[in-house]
Amino acid sequence: MQLGRDAAPHPTLRTHTDPSRDGSDVVSAVADRVRADFFADFFRRNGLDSLLTAGSSL
């Protein structure tokens with residue numbers, strides 16, 4: 001097999017990143033926890049804590 005002058009001597013290696021394992025689930029969990037803490041604190045500081053329920057998902 002003869003390679004042309006511009007041909008790469010080795011085949012191009014390709015990598016694949018699995019989108020289901022990119023770490024976004026961890027980032028989303030942390031963001032949800034920070035958001036819930038922020039809003040719960042906001043409601044308490046403004047006297048609106050009666051609007052919060054034990055199972056509320058802010």
Side-chain angles (χ1 to χ4, degrees):
M1 180 175 135
Q2 188 160 2
L3 298 175
R5 187 176 158 142
D6 296 331
H10 302 289
T12 304
L13 299 176
R14 296 180 184 202
T15 58
H16 175 74
T17 302
D18 185 6
S20 67
R21 297 181 47 112
D22 65 352
S24 65
D25 54 338
V26 176
V27 173
S28 295
V30 171
D32 289 342
R33 188 173 64 229
V34 168
R35 188 179 307 113
D37 290 345
F38 171 78
F39 281 116
D41 186 47
F42 173 81
F43 278 97
R44 286 188 188 99
R45 281 184 293 146
N46 292 301
L48 301 171
D49 52 347
S50 63
L51 298 175
L52 297 174
T53 62
S56 66
S57 59
L58 294 174

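The residues of the chain are indexed from 1 along the displayed sequence.
Below 30°, between 30° and 60°, or above 60°: for F42 and F39 the angle between ring planes is above 60°, a perpendicular geometry.
Evaluation of the salt bridge (Lys or Arg N to Asp or Glu O under 4.0 Å) rule for R33 yields no partner, not counting sequence neighbours. With sequence neighbours left out, the salt bridge (Lys or Arg N to Asp or Glu O under 4.0 Å) criterion links D37 to no other residue. For N46, there are no side chain to side chain donor-acceptor pair (under 3.5 Å) partners, not counting sequence neighbours.
Hydrophobic cluster of V30: the remaining members, joined at side-chain heavy-atom separations below 4.5 Å, are V34, listed by chain and number. Using a 4.5 Å cut-off between side-chain heavy atoms of Ile, Leu, Val, Met, Phe, Trp and Tyr, V26 forms no hydrophobic cluster with any other residue.
The pair D32-R35 meets the salt-bridge criterion, since a charged nitrogen lies less than 4.0 angstrom from a carboxylate oxygen.
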